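Input: a single structure, listed below in structure tokens.
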Amino acid sequence: MRTPSRTTFVFVHGASSNARAWGPLQNELALLGFRSHAVDLPGHGDRADSPAAYYRQPQDVAALAAAPSPLRRITLQDNVTHVVDTLRRLAEWGPVVLVGNSFGGLTISAVANAAPDLLDRVVYLSALCLSDQAMLTEPWDVADDNLLDAAAARIAVPDVRDAGVARLNYRSAHADPAVFAELKTAIMADGTDHQFRLLLDSLDPDENYSMLEPAALVRADGWGRVPHTYVRLSEDRSITPAVQDYMIGKADALTPHNPFQVHTLAASHVGYFSRPQVFAELLTSLV
């Protein structure tokens, strides 16, 4: 009989997402004998009081725009505090690997800076990794032909009142085949329409882009002490491979003594949802 691994994978979701997005991958990891925990960041998932107007049908768009955001006044430090508290509890049971996707890269970077001794590895699944102040304030020297920006603009809710918060009406895509197809191509082109509908219905409408702040930059004296892996997603049309490679190169320049271990999967931005077995096999190979 195989002995279950003592390693625990801790997952941090991306923008407008929550712990539910990791369910298929967690199931695959369990079948391989690995423990995992998916975090709901403050203001997301079960830790959010999302606008009721987002879920009602038919939707009242004016009410949706006027509703306060569960992310108001939440900061990157709130995310870090929540995740570090979780890591402390899990670290009592064995090694911990912290994994983030997309916008969740900002949080896992800040967590690795704050608590490197709690981590055995940090893994970026096509996630943001910022290593230079200029990456927050200046255009990046890389061609970015992502499809997500234009698709998100089509479902953006105007006149949201809370500073720094963007509200996207993902559920409106169910009623517009063109918008549905555009979003699916940008986010999960390697999944079925049914899988993408399930993902859309799991998403939160809000994200707080004030998280793009200096505390999200990786530091050599914190994050740089932790082994780190970047999983390039070659079919990603939200954070394109060119942008992923740019972030990898900048981070490696910061810590040449501890560069990224890089792997590539032919998968979309949320391929871990549509093709979880492939991601589970890669993650378990790291430990």
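Note: hydrogens, waters and symmetry copies are ignored here, and every other heavy atom, side chains too, is used. Just so we're clear, the structure is a prediction, and the values are computed from it rather than from any experiment. In this chain, residues are counted from 1 in sequence order.
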Fill in the blank from the handout: So OG of Ser69 and CG of Asp162: to nearest 0.5 Å the spacing works out to 5.0 Å
Handout entry: Verify same cluster id: Ile108, Leu136 (apolar side-chain graph, 4.5 Å)
Key = yes
Exercise for the section: List for me each residue that meets side-chain contact (heavy atoms from CB on, under 4.5 Å) alongside Ser36, sequence neighbours excluded, and say none if there are none. Expected result: Phe9, Phe11, Gln26, Leu29
Practice task
Give, for atom CG of Leu199 and atom CZ of Phe273, the distance between the pair rounded to the nearest 0.5 Å.
Solution key: 5.0 Å
Practice task
Taking the side chain as every heavy atom from C-beta outward, state whether Leu41 and Thr107 have any pair of such atoms under 4.5 Å apart.
Solution key: yes
Exercise for the section: Verify the neighbour count for atom NE2 of His257: are there more than 12 heavy atoms of other residues, nucleotides or ligands below 6.0 Å? Expected result: yes
Practice task
Give the cluster check for Tyr55 versus Val61: same hydrophobic cluster or not, with ILVMFWY residues linked at side-chain heavy-atom distances below 4.5 Å.
Solution key: no
Exercise for the section: Check whether more than 12 heavy atoms from other residues, nucleotides or ligands sit under 6.0 Å from atom CG of Asp221, and answer yes or no. Expected result: yes
Problem - Side-chain donor/acceptor of Lys184 to backbone N/O of Val179, under 3.5 Å - result: no
Problem - Spatial distance of atom CG (Leu98) from atom NE2 (His37) [nearest 0.5 Å] - result: 11.0 Å
Practice task
Show the numbers, then the answer: is there a side-chain contact (heavy atoms from CB on, under 4.5 Å) between Ser126 and Arg232?
Solution key: CA-CA 6 Å; Ser126 190; Arg232 297 174 68 256; over 6 Å; no
Problem - Same apolar cluster: Val270 and Val278, side chain cutoff 4.5 Å - result: yes
Handout entry: Side-chain donor/acceptor of Ser5 to backbone N/O of Thr7, under 3.5 Å
Key = yes
Practice task
Answer whether the closest heavy-atom distance between the side chains of Val243 and Asn146 falls below 4.5 Å.
Solution key: no
Handout entry: Check: Asp236 main-chain N/O paired with Thr240 side-chain donor or acceptor under 3.5 Å
Key = no
Handout entry: Side-chain ion pair, Asp46 and Arg20, N-O less than 4.0 Å
Key = yes
Problem - Audit row: His174, Asp201, side-chain hydrogen bond (donor to acceptor under 3.5 Å, both in side chains) steps and yes/no - result: CA-CA 9 Å; His174 290 304; Asp201 281 346; 2.8 Å; yes
Handout entry: Qualifying residue for salt bridge (charged side-chain N to carboxylate O under 4.0 Å, His left out) with Arg167, from Asp204, Asp206, Asp159
Key = Asp206
Completion exercise
Correct closest heavy-atom pair for Glu235 and Ala266 would be CG-C, 3.8 Å
Handout entry: Working for side-chain hydrogen bond (donor to acceptor under 3.5 Å, both in side chains), residues Ser16 and Glu207
Key = CA-CA 5 Å; Ser16 299; Glu207 189 50 68; 4.9 Å; no
Problem - Hydrophobic cluster membership, Trp93 vs Leu32, 4.5 Å side-chain cutoff - result: no
Handout entry: Joint hydrophobic cluster, Ile155 plus Leu71, side-chain heavy atoms closer than 4.5 Å
Key = yes
Handout entry: Nearest heavy atoms of Val12 and Trp22, plus distance in Å
Key = O-CZ2, 3.3 Å
Handout entry: Val39 and Asn79, any side-chain heavy atoms less than 4.5 Å apart
Key = no
Exercise for the section: Any chance you could lay out the side-chain contact (heavy atoms from CB on, under 4.5 Å) test for His228 and Val123, step after step, and finish with the verdict? Expected result: CA-CA 6 Å; His228 40 268; Val123 181; over 6 Å; no
Practice task
Return the minimal non-hydrogen interatomic distance between Leu183 and Ala151, and the atom names on each side.
Solution key: CD2-CB, 3.7 Å
Exercise for the section: Sequence neighbours left out, what passes salt bridge (charged side-chain N to carboxylate O under 4.0 Å, His left out) with Asp145? Give chain and number order. Expected result: Arg237
Problem - Criterion side-chain hydrogen bond (donor to acceptor under 3.5 Å, both in side chains) on Tyr124 and Ser109, from CA distance to verdict - result: CA-CA 9 Å; Tyr124 293 74; Ser109 294; 2.6 Å; yes
Handout entry: Minimum side-chain heavy-atom gap Val122-Thr229 below 4.5 Å
Key = no
Completion exercise
Taken to the nearest 0.5 Å, the spacing of Leu118 CG from Arg88 CZ works out to 6.0 Å
Practice task
Kindly indicate whether the side chain of Leu233, heavy atoms from C-beta on, has any atom under 4.5 Å from the side chain of Phe279.
Solution key: yes
Problem - Close side-chain approach of Gln261 to Leu286, heavy-atom, < 4.5 Å - result: yes
Handout entry: Asp117 and Arg225 ion-paired at < 4.0 Å
Key = yes
Practice task
Starting from the C-alpha separation in whole Å, work towards a yes-or-no answer on side-chain contact (heavy atoms from CB on, under 4.5 Å) for Leu283 and Phe34.
Solution key: CA-CA 10 Å; Leu283 288 174; Phe34 285 80; over 6 Å; no
Practice task
Using a 4.5 Å cut-off on heavy atoms from C-beta on, say whether the side chain of Leu212 contacts that of Phe103.
Solution key: yes
Problem - Pi-cation contact, Tyr54 with Arg171 (under 6.0 Å, within 45°) - result: yes
Exercise for the section: Return yes when atom CZ of Arg56 has more than 12 non-hydrogen atoms of other residues, nucleotides or ligands closer than 6.0 Å, and no otherwise. Expected result: no
Exercise for the section: Indicate yes or no: at least one non-hydrogen side-chain atom of Leu125 is less than 4.5 angstrom from one of Val99. Expected result: yes
Problem - Residue pair Val10, Leu87: steps toward the side-chain contact (heavy atoms from CB on, under 4.5 Å) verdict - result: CA-CA 8 Å; Val10 176; Leu87 295 178; 3.9 Å; yes
Problem - Main-chain N/O of Thr75 paired to Asp78 side chain as donor or acceptor, under 3.5 Å - result: yes
Exercise for the section: Search all heavy atoms of Ser131 against all heavy atoms of Met135 and return the closest pair with its distance. Expected result: N-SD, 3.4 Å
Completion exercise
d(Asp190 CG, Ser268 OG) to nearest 0.5 Å is 3.5 Å
Handout entry: Main-chain N/O of Ala127 paired with Tyr230 side-chain donor or acceptor, under 3.5 Å
Key = yes
Handout entry: Chi angles and distances behind the side-chain hydrogen bond (donor to acceptor under 3.5 Å, both in side chains) call for Ser17, His44
Key = CA-CA 7 Å; Ser17 192; His44 287 278; over 6 Å; no
Completion exercise
Smallest heavy-atom separation, Pro158 atom then Ala65 atom, equals O-CB, 3.4 Å
Exercise for the section: Would you give the length of the straight line joining atom CG of Asn101 to atom NE2 of His13, rounded to the nearest 0.5 angstrom? Expected result: 10.5 Å
Handout entry: Heavy-atom donor-acceptor pair, Gln195 side chain to Thr192 backbone, under 3.5 Å
Key = yes
Exercise for the section: List the atom of Phe260, the atom of Asp252, and the distance in Å for their closest heavy-atom pair. Expected result: N-OD1, 2.8 Å
